[in-house]
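Naming: A, B, ... by sequence-line order, numbering from 1 per chain.
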2 protein chains.
Amino acid sequence: MVTLAEVAQHAGVSASTVSYVLSGKRSISAGTRQRVEQSIRELGYHPNAGARALAGKRSNIIALMIPLRTDLYVPVMMEIAIAVATTARTHGYDVLLLTGEEGPDAVRRVTGSGLADAMILMDVELEDERLPLLRGTDQPSVLIGLPADTDGLTCVDLDWSATGALCVEHLAGLGHRDIAVIGEAPAVYERHTGFAERTLDGLRSAARETGVRLLHRPCEGGYDAMALTLARVFDERPATTGFVVQNESAVEPLLALLRQQGRAVPEDVSVVAICPDQVAVQASVRLTSVAIPAQEMGRRAVERLVAKLEGRGGDEVVLLAPGLTRRASSGPAPAAS
Amino acid sequence: MVTLAEVAQHAGVSASTVSYVLSGKRSISAGTRQRVEQSIRELGYHPNAGARALAGKRSNIIALMIPLRTDLYVPVMMEIAIAVATTARTHGYDVLLLTGEEGPDAVRRVTGSGLADAMILMDVELEDERLPLLRGTDQPSVLIGLPADTDGLTCVDLDWSATGALCVEHLAGLGHRDIAVIGEAPAVYERHTGFAERTLDGLRSAARETGVRLLHRPCEGGYDAMALTLARVFDERPATTGFVVQNESAVEPLLALLRQQGRAVPEDVSVVAICPDQVAVQASVRLTSVAIPAQEMGRRAVERLVAKLEGRGGDEVVLLAPGLTRRASSGPAPAAS
DNA sequence: ATAGGCTGTCGAAGCGCTTCGACAGCGCAT
DNA sequence: ATGCGCTGTCGAAGCGCTTCGACAGCCTAT
C-alpha cells in the first residue's frame, strides 16, 4: 500500500506538501503541484481512510438508516437509497448502510465512534425513539419523513397532506361525490408513521372543503386483502365512484377486481394512485397519480446534510410540493343513476 | 468524545490493558476486566473507528456494490442488501453502500484506501470489467452472481440453470407440450447478465430432454409490452398452454391479459413464475413458482466473506438449489382440442 | 531453597495523515 | 541598499488505537 510519505519522496517534496496539494488548504506552486500529482498517478496512491479520519476528525462517510421491514414501499426505499449514495459521492462522501434493526443503539454507535460524520434517517415515526439522541448530539442529521415535533431537526419529505388534498380535489373537480381511500396496511397506522396520517388529514380536509364523502379503509397489499376491502367499500357506500390508492401493492389487484366486476375505469370508476411514476405508467391502466419523488427526496436530504457539515444553513423542514399527473384512470363521474 | 486513555485512567489501569479487555487478545484477570467494563459503561465509551482502522489495519467494513439500475429486480436487490447489512452486523461488520456507477474505480478506491476490508459485488456480468481488479488484489471479495470464468473467485448464486429446468420439468410433467418463456427485458440479455442466459440454458436443455417445444421471448415489464408479446406468442404457437415468467413485472399483466382473453388459469393455461415467494402469493392467482432466495444469497455471501477474512476457506462457488412450490397457477394440460 | 514457567499488566513505538508554526527566498517600497 | 510582507515549503506534533517486548509476581518442579 502506497503512503503519503512515499509519494512525497517520489516527488522530492515533504509529506506536508503532498497533503496540501491534496486538500488545497495552502497555496502550492504550479510546478510542485504537477510533480506531486504526477507521482500520485504513477504510484497509484489512495489516501488511507482510517488515517485521514483520525487526523482530520472527519470520515467523509454519511450513515443512512433504512427500515428493516421490506413490507413497505420497497421500490421507493431503494430509489431513495440509491439517490443518497449517488448524490453523496458527488460531494465526496461515502454511504454507510444501517438497518433500523439496531434502533437507537446504531445512532449511539455511529456518533460515538466517529464512523460517520452525519446521518440520514428514513422511516421516521411521529414519536421516534431515535430523535432525543439526535437532538442531544452535535452530529448533523437529516430525516426523510416528518416526526410530530420537528424542533431542532432537519427534515425532507413530500408534503403528504397536500398530496392527499390534491387527490380529492382532482376527483371532486371531476364531479365525484363518494370517494374511497385504500390506505396502507393497518400496521403502518399503528406504528404512527407520519406520512400515512398526514395524507389522511389532507384527504379529509379537502373532502370537507369540497363537500365530498370520504371512506378510508386500511388495506394489506395483495389480491385477497383487496378483494375483501373492496367488497366492504361497495357494501357500505354503493355510490362510490372514486378511489384514492395509497398502497402501491393494492393498485393492480384493485384494477383487476374492478374489471372483473364489470366496472370500467375510468367510465364507471376513477382511480388516483399515490405512487412512483414508473408504477403508474406500468399498470394495466395508465394511472392518474401523484408521484412520490423518491430520487429527489434522497438528493435533497444529502444536500441539506452536506450544507450542515460545511456550516452552511441550519435546521429546516423541506416539504416537496406534490404534483398530480392525469392519465387514463380518471374521468368525469358518471351521471347519477 | 471519550478515549481509551480516559477509560484507562478511570479504571486505574493502562491503556493497553483496556485495549486487551476489548479485543480479548491477552488474558486479563476477572477483577480488572470488570472494573474496565464498568468504566466503559459509565463513560459511554465507543472506540474511535478511524484510529482502530489505522492501528489495526482493518476497518471492519464490508463494501456492497449494488447496481445503479432500478429497472431490474428491485425487491430482490433490496432484500439482498438488507440481508447483507443484517448478517454483517452479527459478525461485527458495517456495510458501505456503493453504486455500480463508479464501476471499476470504486473497487480501486475502496481497496486502495483501506476503507473496507472486503467487498460484495452484485449484478455481475459474464465478462465483468471489475473482475480483473478483484483477481489482482488480495482483498477478499464475493460475487452474487456468476461470471463466465469463476477461476480465483468466490461466488454465491441461485442455480439458475436448474431453476429453468425445474420450471420446464414441472410443466412437462403436467402434460404441457408447448411452453412459452416470458424473459427479462432485452437489455438484460444484451448486457450478458449471467442469470438470464443460464436460466435459458436450463429451460432449453430440459425442454430437449422432455420433448417439449419452447418459445422464448424477452419482454419489458408493464402491461403494454406484455400485451404485445403475448399476442405474438399465440400467433406463432397457438397451442401454447404453459408459461414460464422470469420478469417479475410481467407477471400481473400476463394474468390480467389471459383473464381478459377468456383463458382460465390453470384450467386452460398454466403459469410458473421465477420470483420471490412474497410476489407469488400476492398475485391475483397464487402462483406456482420457483423462489429467488434473496435473503439467503445475501446471508451466504457475507458468511463466505467473513470466513475468508478470518483465513478460513478459500475460493468457492456456492450454487443454491432451487425449489418449486406448487400453487394455484399450474395444472394438467387441457386435452388437445 | 532455587530455577523455570506462567499470568497479568505496563510502557512505548508506530499506523498514515493533517495542521501548526517556522522560515527561506523573493519582490516591493522606501 | 535596507527592511517588510508574501508565497511556498518544511519539520514536528499529535490524532486514538493496537501490539510487541519487558517484567513483576506467583506457582510448580526439582
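In the displayed structure, A:E127 atom CD is contacted under 6.0 Å by at most 12 heavy atoms of other residues, nucleotides or ligands.
Listed by first then second residue, pairs satisfying salt bridge (charged side-chain N to carboxylate O under 4.0 Å, His left out) with a partner in residues 24-53 of chain A number zero, not counting sequence neighbours.
Within the 4.0 angstrom heavy-atom criterion, base atoms lie near A:S16. A:T3 comes within 4.0 angstrom of sugar-phosphate atoms only, judged by non-hydrogen atoms across all strands, and of no base. Within 4.0 Å of B:I28, counting heavy atoms only, lie sugar-phosphate atoms of the nucleic acid but no base atom.
Taking only distance into account, the side chain of B:R26 meets the base of C:dT9 through a donor-acceptor pair shorter than 3.5 Å. The base of C:dG8 lies outside donor-acceptor range of the side chain of B:R35, with no N or O pair under 3.5 Å.
In this structure, B:L4 atom CG and C:dG11 atom P are separated by 14 Å, rounded to whole Å. Regarding A:Q34, its CD atom lies at a distance of 14 Å from the P atom of D:dG8, rounded to whole Å. Here the C1' atom of nucleotide C:dC15 and the CD atom of A:E6 are 13 Å apart, to the nearest Å. Going from atom CG of B:N48 over to atom C1' of C:dG16 covers 14 Å, rounded to whole Å. Put simply, CE on A:M1 is 9 Å from P on C:dC17, counting in whole angstrom units. Distance, A:K25 NZ to D:dT9 C1': 18 Å, rounded to whole Å.
Contact annotation: A:K57 side-chain N/O to C:dT18 OP1/OP2 distance is not under 4.0 Å. For D:dC10, one of the phosphate oxygens OP1 or OP2 lies less than 4.0 angstrom from a side-chain nitrogen or oxygen of A:T17. When the side-chain nitrogen and oxygen atoms of B:S14 are compared with OP1 and OP2 of C:dT9, none of them lie within a distance under 4.0 Å.
Both B:S23 and B:L54 sit near DNA chain D, but only B:L54 has its closest nucleotide nearer the 5' end. Comparing B:V13 and A:Y20 against DNA chain C, the residue whose closest nucleotide sits nearer the 5' end is B:V13. Nearer the 5' end of DNA chain C, as judged by each residue's closest nucleotide, is the contact made by B:V18, out of A:R52 and B:V18.
The side chain of A:T32 lies closest to D:dT9, out of D:dT9, D:dT19, C:dT18. Candidate nucleotides C:dT19, C:dG8, D:dT18 were compared by shortest atom distance to the side chain of B:S27, and C:dG8 ranks first.
The existence of a salt bridge linking B:E102 and B:R109 is confirmed by a sub-4.0 Å separation between a basic side-chain nitrogen and an acidic carboxylate oxygen.
Side chain to side chain, B:H10 and B:S39 meet the donor-acceptor criterion of an N or O pair below 3.5 Å.
Between B:A116 and B:Q139 the shortest heavy-atom distance is O-NE2, 2.8 Å.
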